[in-house]
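Working notes for the structure below.
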Amino acid sequence: NGSIIEGENMPQPYLGRPITLNISQILSVYPAEDNIGTQIHSVQGQTWKVLEEHDIVIKRLNETDK
């Protein structure tokens, strides 16, 4: 679950909703520049921001890669 990010000008239509990604399409995962959550970048150029800490996201991605 998430909440409104103050000062964020981008639309947030999926805020607080589950996200499903094809892990074979992930290019990079790193902590968000504003130190809130994690950014996930795809090979197609899409970027998603999740409000979970980087280490939690990496752990979940590694669990699905088994």
Side-chain angles (χ1 to χ4, degrees):
N1 289 331
S3 59
I4 299 298
I5 301 169
E6 295 296 327
E8 180 64 48
N9 295 327
M10 297 287 293
Q12 301 174 40
Y14 302 110
L15 194 60
R17 296 183 184 179
I19 185 172
T20 303
L21 303 171
N22 181 343
I23 62 170
S24 66
Q25 298 298 309
I26 293 175
L27 177 63
S28 62
V29 177
Y30 57 90
E33 294 174 359
D34 61 4
N35 296 318
I36 301 172
T38 303
Q39 288 185 302
I40 302 170
H41 297 271
S42 77
V43 294
Q44 292 90 10
Q46 296 169 305
T47 300
W48 299 276
K49 181 174 183 177
V50 295
L51 296 179
E52 290 184 327
E53 295 298 321
H54 183 256
D55 57 340
I56 294 171
V57 173
I58 295 299
K59 180 180 176 185
R60 289 185 179 186
L61 290 171
N62 287 331
E63 287 173 353
T64 62
D65 197 28
K66 293 180 180 178

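Values reported hereafter were calculated over all heavy atoms of this structure, with side chains retained and with hydrogens, waters and symmetry mates removed.
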What's the spacing between [X] [atom1] and [Y] [atom2] if we round to 0.5 Å?
X: Q44; Y: N22; atom1: CD; atom2: CG; result: 8.0 Å
X: I56; Y: L51; atom1: CD1; atom2: CG; result: 11.5 Å
X: I36; Y: E53; atom1: CD1; atom2: CD; result: 10.0 Å
X: H54; Y: Y30; atom1: NE2; atom2: OH; result: 10.0 Å
X: I40; Y: I58; atom1: CD1; atom2: CD1; result: 8.0 Å

Under a side-chain separation threshold of 4.5 Å, the hydrophobic residues clustered together with V43 are L27
Check whether any side-chain heavy atom of D34 sits under 4.5 Å from a side-chain heavy atom of K49, and report yes or no. yes
side-chain hydrogen bond (donor to acceptor under 3.5 Å, both in side chains) between H41 and T47, intermediate numbers included: CA-CA 4 Å; H41 297 271; T47 300; 2.7 Å; yes
E33: side chain to side chain donor-acceptor pair (under 3.5 Å) partners, not counting sequence neighbours: none
E52: partners by salt bridge (Lys or Arg N to Asp or Glu O under 4.0 Å), with sequence neighbours left out: R60
